[in-house]
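Single-structure report; data block below.
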Amino acid sequence: MAPVTEPHWIIHLPTTLTSVDGAAALAMALRRSLGHVLAIDFGETTLSEEDRQCVRTRVWCDARLDGSGRCLRPADHDDGCAPE
């Protein structure tokens, strides 16, 4: 993804889900189905409780990989980073 040089917009998408695991599963499903849309930076996806929106949980590791994009493993993975 090209560096953003102008201000960009964040879309906050409330859900009716009541668990962080359910919200993470939805984020993963959205990435699988909409990953081809270049305007969406799924690597920066975070989750927050409705009344604690300043406390965010990152979904993916998103670390930069040598020549192959970013790590798409869960944010809390224990083993090495990988593109998938």
Side-chain angles (χ1 to χ4, degrees):
M1 178 171 274
V4 177
T5 57
E6 296 182 27
H8 57 281
W9 292 90
I10 306 296
I11 298 172
H12 302 276
L13 183 64
T15 72
T16 58
L17 300 167
T18 58
S19 74
V20 69
D21 291 338
L26 176 59
M28 290 176 195
L30 290 171
R31 183 181 77 182
R32 280 192 303 274
S33 65
L34 296 173
H36 66 282
V37 179
L38 299 178
I40 303 173
D41 183 0
F42 282 101
E44 293 295 323
T45 302
T46 58
L47 307 173
S48 65
E49 290 183 57
E50 181 178 22
D51 293 332
R52 296 178 51 199
Q53 293 184 28
C54 293
V55 178
R56 296 180 181 227
T57 302
R58 182 174 292 281
V59 177
W60 293 285
C61 171
D62 200 37
R64 291 194 184 276
L65 302 173
D66 293 334
S68 60
R70 293 181 179 265
C71 178
L72 296 180
R73 291 191 172 175
D76 57 356
H77 69 87
D78 291 328
D79 48 354
C81 291
E84 293 194 37

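Of the possible donor and acceptor atoms, none in the side chain of R56 sits under 3.5 Å from a partner among the backbone N and O of T45.
Across all their heavy atoms, L17 and G22 have their closest contact at CD1-O, 3.5 Å. Nearest heavy atom pair, residue R58 against residue G43, reads NH1-O, 3.1 Å. Listed here is the closest heavy atom pair of R70 and D62: CD-OD1, 2.6 Å. What you find for E50 and Q53 is that their closest heavy atoms are O-NE2, 3.1 Å.
Criterion: ILVMFWY side-chain heavy atoms under 4.5 Å apart, direct or through other members. Under it, V59 and V37 are part of a common hydrophobic cluster.
Side-chain contact between L34 and F42 is present, with at least one heavy-atom pair separated by less than 4.5 Å. Using a 4.5 Å heavy-atom cutoff, the side chains of L13 and L26 are not in contact.
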Exercise. Going through the checks in order, is the side chain to side chain contact (heavy atoms under 4.5 Å, CB included) test met by L72 and R31?
Worked result: CA-CA 10 Å; L72 296 180; R31 183 181 77 182; 3.6 Å; yes
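The 12-atom threshold is not exceeded at CG of D78, counting heavy atoms of other residues, nucleotides or ligands nearer than 6.0 Å.
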